[in-house]
Novice: 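Okay, here's the structure, questions in a sec.
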There are 2 protein chains.
Amino acid sequence: MVTLKQLAEQLNVSVSTVSKALHNSEEISKDTIQRVQELAKHLDYQPNRMALSLKSNKTKTLGVIIPNVLNHFFAKALYAIEMEATKQGYNLITCVSNELLSKEMSSLQLLSNGSVDGFIMSIAEETQVKNSMDHITTILKKDIPVVLFDRVAEDIECDKVIIDDFGASYEATKHLLSEGRKYIVLVSEIEELSVGKLRTNGYLKAFEENIDYKQPPIVIHVNKDNDVEASIKNLFMSNPKVDGILSIDNTSGVVALHKALKKGFKVPEDLSIIGFSDENVLVFTDPKLSTISQHTMDIGKATVELLIDRLNKKNTTTHVTKTIKTNLILRGTTK
Amino acid sequence: MVTLKQLAEQLNVSVSTVSKALHNSEEISKDTIQRVQELAKHLDYQPNRMALSLKSNKTKTLGVIIPNVLNHFFAKALYAIEMEATKQGYNLITCVSNELLSKEMSSLQLLSNGSVDGFIMSIAEETQVKNSMDHITTILKKDIPVVLFDRVAEDIECDKVIIDDFGASYEATKHLLSEGRKYIVLVSEIEELSVGKLRTNGYLKAFEENIDYKQPPIVIHVNKDNDVEASIKNLFMSNPKVDGILSIDNTSGVVALHKALKKGFKVPEDLSIIGFSDENVLVFTDPKLSTISQHTMDIGKATVELLIDRLNKKNTTTHVTKTIKTNLILRGTTK
DNA sequence: GTGAAAGCGCTAACAA
DNA sequence: TTGTTAGCGCTTTCAC
């Protein structure tokens, strides 16, 4: 890498002159500025990032910790975060916690050595289950800002970006009820997660309000580690009268659709299905799955905006929670 | 952040003593070492990353540039890279080129200012189409190592990790022929890519060798931007006698299976299908799709190993190309 | 056994 | 208009 010193030597001026010239300082003569800038361009000079960071105490880098890149939601969030960060002149150091508390702790710990200006993260499953949040509050105490998204924790005081998980599944359930469905089952792969609980509660709430006829709510927990397909098949065996399915995770809605069709259900005549999936699964479904759209791009963008805002005015103490709207998009699997 | 200076002041010793003590230097008395280390631990001292990098001219950070995180293959590769890098004490700065040459250029350019020790990348589609590789050779000339994977370029001299794309689809086609299939169609969403061309050639080669009966090869190009499903439907319309499909991308094999079943084909009795997909789509298929497995985890791991090797002995000039084995995994869509 | 000083590449206050 | 100096946080050589 070319350094200021090298430029200075070649031009027989001092390092500070070169530095100022490159910044178009008023102090420096037009002539010198030109000579310096020409040589800099010619030698493809780039200011050393580490020196800049050391001096300014800013890295222009954000740490992103997500539970799982193979989950389409997080991949898309990462994509959105990367887009927005790049736009704002920030780089991303990405870590995958793999749903593990230990990995989350070490990532946070290791990157808090001046590697990043702040963190964007969604909490690992294990962390949520154990409700062990000290590693996050520790970072906050060091005055390194954190923005949580999607999987957040009530008792951590920081900026957050969430969707209205409760409201989204409440609305979806309402819709199924309004179709006249009498036997609506909720399928969840994510019961352990904050968002899973909220979505389940939305479903239950809609039932409570459903005074006309009293179907008991039915919640099917699918263990990710076990066979999703087997659980879904089992659902149809145990609940032959099912006429509505609300899937609150990425994949089980699609699987339910396939199994239902295979079993001879007419969709949406006999059975409605609503999923929490992204559009990426639509190519695999026919009829097209009706979904709750989470506007993941907006979520990612908002996290970066909040974090950079916070970085620019660290003094403020009030934290904001931004709720990104969801949409119930009715396609071919609802009436 | 706590600094050496602060520790030194609190302990009334010099900064260099503290530094040495933290490194368990022989020069320093046991007593001092203990006092220093205790205080360091107590105050949660961490050496400033930027200062370390500036001093050592090493960042312990790798730049990863992938075309698209939403593509499961690249997400998985990123996952593998992250795992291995973490294991080896490296961080990742991740950029998504979005298949754009311009983004790829700027990422490479911006990160070559001392932000990373080297790059791992897979070439953007636009870059491959325009065969414009100067931005990469420029980096190499600056003595920053680059490891290319999957989508590589012949004429760039650097370490590479690939799969035997040609051989993989050659074998798959051979398998279909050995099943006695007489009308085998290749479906490609990725004709523009190096890997797409190789895979297509493997298919064509198998046909050339197929002297017994002469079915002309049929290659269907699916334009990603258009409707994959429509193209597949069209395939069945135009080729009603099709009895074998080789899909050389992530998704079209799954779509083909769904459409075939819907059209009344018996799979695998009437029709065999082989895809290049990862296991993640299997949950959406019934029967289970037979696939060519790319061992993406191994690919990611290999890229990191090669890059770190290169970093540790920069002198070596010979570059290696590592080929990761593929497997044809026969499941429910082949006889 | 400990400390002073130099230097990594840069910026900025101050001096000339 | 240009140069000198100090300092960001750290390591390391050399002196004491």
Side-chain angles (χ1 to χ4, degrees), chain A residues 1-37 39-40 43-61 89 110-117 142-144, chain B residues 1-37 39-40 43-61 89 110-117 142-144:
Chain A
M1 276 200 53
V2 184
T3 66
L4 285 191
K5 200 176 170 186
Q6 293 171 29
L7 297 183
E9 277 166 8
Q10 284 212 33
L11 294 167
N12 276 316
V13 293
S14 75
V15 170
S16 57
T17 301
V18 176
S19 173
K20 287 171 188 162
L22 288 172
H23 291 94
N24 289 308
S25 162
E26 305 270 288
E27 296 177 19
I28 307 293
S29 70
K30 291 248 174 269
D31 177 56
T32 310
I33 290 186
Q34 204 192 332
R35 284 172 54 227
V36 170
Q37 296 197 350
L39 184 65
L43 297 183
D44 193 20
Y45 167 79
Q46 286 182 277
N48 181 300
R49 176 74 164 277
M50 297 305 150
L52 249 28
S53 294
L54 183 58
K55 189 104 240 282
S56 66
N57 210 17
K58 289 189 172 64
T59 62
K60 284 283 187 174
T61 301
L110 288 172
L111 292 183
S112 64
N113 63 354
S115 292
V116 301
D117 293 336
K142 288 188 188 173
D143 229 33
I144 304 176
Chain B
M1 278 200 49
V2 184
T3 65
L4 284 190
K5 201 176 169 186
Q6 293 171 30
L7 296 183
E9 277 165 10
Q10 284 211 35
L11 293 167
N12 277 316
V13 293
S14 74
V15 170
S16 53
T17 302
V18 176
S19 173
K20 288 170 188 163
L22 288 173
H23 290 95
N24 289 308
S25 162
E26 304 270 289
E27 297 178 19
I28 308 294
S29 70
K30 291 249 174 265
D31 178 57
T32 310
I33 289 187
Q34 203 191 332
R35 285 172 55 228
V36 169
Q37 296 197 350
L39 185 65
L43 296 184
D44 193 20
Y45 166 80
Q46 288 182 274
N48 182 301
R49 176 75 165 277
M50 297 304 149
L52 249 28
S53 294
L54 184 57
K55 189 102 239 282
S56 66
N57 209 16
K58 289 191 172 63
T59 63
K60 283 282 187 177
T61 302
L110 288 171
L111 292 183
S112 63
N113 64 353
S115 292
V116 301
D117 293 337
K142 288 188 187 173
D143 228 32
I144 304 176

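Fair warning: this is a prediction, and the values are worked out from it, not measured in the lab. Chain A is the first sequence line, chain B the second, and so forth, proteins listed ahead of strands; every chain is numbered from 1. As a basis for the values below, the full set of heavy atoms in this structure was taken, side chains included, without hydrogen atoms, waters or symmetry mates.
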Novice: Would you say A:Lys55 reaches D:dG9's phosphate, i.e. side-chain N/O to OP1/OP2 under 4.0 Å?
Specialist: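 Looking at the OP1 and OP2 atoms of D:dG9, neither is under 4.0 Å from any side-chain N or O of A:Lys55.
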
Novice: Over how many whole Å does the gap from A:Arg49 atom CZ to C:dT11 atom C1' extend?
Specialist: 17 Å

Novice: Mind calculating the distance between CG (A:Leu4) and P (C:dC10) to the nearest angstrom?
Specialist: 4 Å

Novice: Base, sugar-phosphate, or nothing: which does A:Ile28 touch, judged by heavy atoms less than 4.0 Å apart?
Specialist: base

Novice: Give one of base, sugar-phosphate or nothing for B:Ser53, where a contact means two heavy atoms less than 4.0 Å apart.
Specialist: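 No contact.
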
Novice: Would you say a side-chain N or O of B:Ser56 is under 4.0 Å from OP1 or OP2 of C:dC8?
Specialist: no

Novice: Closer than 4.0 Å, any side-chain N/O of A:Thr17 to the OP1 or OP2 of D:dG3?
Specialist: yes

Novice: By the 4.0 Å heavy-atom rule, please label B:Ser19 as base, sugar-phosphate, or nothing.
Specialist: base

Novice: Just to be sure I understand the rule, does A:Lys20 reach a base, reach only the sugar-phosphate, or reach nothing, if contact means heavy atoms closer than 4.0 Å?
Specialist: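 It contacts base atoms.
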
Novice: Nearest whole angstrom, please: distance from the P of C:dT11 to the CG of A:Leu7.
Specialist: 11 Å

Novice: With heavy-atom distances below 4.5 Å as the criterion, would you say the side chains of B:Asn24 and B:Gln37 are in contact?
Specialist: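 Of all side-chain heavy-atom pairs linking B:Gln37 with B:Asn24, at least one is under 4.5 Å.
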
Novice: Mind calculating the distance between NE2 (B:His23) and C1' (D:dG9) to the nearest angstrom?
Specialist: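 Between C1' of D:dG9 and NE2 of B:His23: 12 Å.
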
Novice: At under 4.0 Å between heavy atoms, what does A:Val13 touch on the DNA or RNA strands: base, sugar-phosphate, or nothing?
Specialist: sugar-phosphate

Novice: Atom CG of A:Leu54 and atom P of D:dG9: how far apart are they, to the nearest Å?
Specialist: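 Rounding to the nearest Å, CG of A:Leu54 and P of D:dG9 are 7 Å apart.
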
Novice: Can you give me the dot-bracket string for DNA chain D, 5' to 3', counting Watson-Crick and G-U wobble pairs with both distances under 3.5 Å, using [ ] for crossing pairs and | for partners on another strand?
Specialist: ||||||||||||||||

Novice: Reckon B:Thr32 touches a base, only the sugar-phosphate, or nothing at all at heavy-atom distances under 4.0 Å?
Specialist: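 Sugar-phosphate contact only.
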
Novice: Taking atom types as they are modelled, would you say the side chain of A:Ser16 forms a donor-acceptor pair with the base of D:dT4 within the 3.5 Å cutoff?
Specialist: yes

Novice: Counting neighbours of NZ on B:Lys58 that are heavy atoms of other residues, nucleotides or ligands and sit closer than 6.0 Å, is the number greater than 12?
Specialist: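 Counting neighbours around NZ of B:Lys58, 12 or fewer heavy atoms of other residues, nucleotides or ligands fall under 6.0 Å, so no.
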
Novice: Please check the phosphate of D:dG3 (OP1 and OP2 only) for any side-chain N or O of A:Ser14 closer than 4.0 Å.
Specialist: yes

